[in-house]
S.K.: 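Following this message is one structure expressed as structure tokens.
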Amino acid sequence: MKFDNVSSEIEDLKSEMTRVLMELIRIPAIAPENNGEGESKKAEKLLQILKTLNLDKIERYDAEDERVSSRKRPNIVTYQHGENLSERIWIITHLDVVPPGEESLWTLAKPFEPVIKEGRVYGRGSEDNGQSMVASLFAVKALKNLGVKPKRTVALAFVADEEQGSTYGIQHLIEQGLFRKDDLIVVPDGGNEDGSFIEVVEKSGLWFRIRTTGKQTHASRPDKGLNAHRIGMEYALALDRMLHEKYSLKDEYFDLPESTFEPTKKEKNVDAVNIIPGEDLTHFDCRILPSHNLEDILKDIHWLAKDYEGKTGAKIKIEVLHKSVAPKPTDANSKIVVMLKDAIKQIRGIKPKVGGIGGGTCAAFFRKIEAPAVVWSTIDETAHQPNEYAKIDNIVSDAKVFAFLATS
Ligand SMILES: [Zn+2]
């Protein structure tokens, strides 16, 4: 079989790919943590599309979740058998999207009303993770259209709950025993603009909320209360400085080379400008190099909180929302890394670099069970931003790489 045929078949499918991506973007799939209804509606749409492909097998592994009205978080797995049935390449993408954020910043499209402009599809979830979802789907579709049997079995997984920790998504699938250590796993949920970066390791992750409690009072009489907002901000800024100064190692293998400690979400406090808040809630997102110990960092966070409690009389509570210690990297010489490097070289004529990122993607859960997983795609890194977009040419070109991995 000549790969050129597959390439041109994928190119012919370009407008269909674009249409499918737009259809998927129109269905919000937001986690209950962010007041969403989960992925059920989007999964139904995807199933309709998948059924038209006549794949060898389609399976559903829903995880129960009382917080959404469908009471389930859907996970879909499809198989297209290869000549070699015992070898499987997995392409894992996620159905869920993050909320739009500040809607007024969406100047080029409404978040869930996708538009095409200058070869890009704009909309929430276009890049993260719609582009790769569609690319993986159409890589298989192109092979089916041509009657080409892949060399190895191609398994596609479309999972829930990636943005909130994957309990109802990839972790649920791993618990079902779906994966083997000799599987070849691609998680196209990260990458760079020319597709020259293959990620084999992620940083550790730590999310926490700082709950500062003071005493609410009238804004004209601060002496009668304790302003939790001011103390919360002061503590957050001091913490920000301390963490950056103390945990400042750099590792050039990573893109970014340093650990990140970012104050992010700020929860609403009082309703009126003339009330001194009695409570302040600030979140931090930290992505930490594996060489730093998370427990040491947590100790310092608590120590500084005690210090500020002593200084101010407020109560400062640290609530850990998510903590993941970076698992061992995927071996840079493992089969999937070598295959992917070769595919990128053959199709794009470039030599990719292997390294680490801030994470965290589904790949970390595979590394925990010692299944070799790589993160790769070709993206401008607009995920989670207003005016998120996917370049149509990248969808086509990434689909070719996936088809190459399946057939060579
Ligand atoms: Zn993603």
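Excluded from the calculations below are hydrogen atoms, water molecules and symmetry mates; all remaining heavy atoms, backbone and side chain alike, are included. We count ligands from 1, going down the list as the structure has it; atoms in each ligand are counted the same way.
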S.K.: Keeping waters out of it, list the protein N, O or S atoms under 2.8 Å from the Zn ion (ligand 1).
M.R.: His94 NE2, Asp128 OD1, Asp189 OD1, Asp189 OD2
S.K.: Judged by modelled atom types alone, do Arg287 and Ser204 share a side-chain donor-acceptor pair under 3.5 Å?
M.R.: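 Ser204 and Arg287 do not have a side-chain donor-acceptor pair below 3.5 Å.
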S.K.: May I ask you to check if Arg120 and Tyr389 form a cation-pi contact, with NZ or CZ under 6.0 angstrom from the six-membered ring centre and within 45° of the axis?
M.R.: yes
S.K.: Hey, could you give me the NZ/OG distance between Lys345 and Ser196, rounded to the nearest 0.5 Å?
M.R.: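 Here the rounded value is 14.5 Å.
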S.K.: Using distance alone, with no hydrogens and no angle criterion, decide if Arg348 and Ser397 have a side-chain donor and acceptor under 3.5 Å apart.
M.R.: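 Indeed, the side chains of Arg348 and Ser397 share at least one donor-acceptor pair under 3.5 Å.
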S.K.: Just do the salt bridge (Lys or Arg N to Asp or Glu O under 4.0 Å) check on Lys335 and Asp182 with the steps written out, would you?
M.R.: CA-CA 9 Å; Lys335 182 164 183 178; Asp182 60 351; over 6 Å; no
S.K.: Taking side-chain contact (heavy atoms from CB on, under 4.5 Å) as the test, write out the residues that go with Lys57, two or more places apart.
M.R.: Glu59, Tyr79
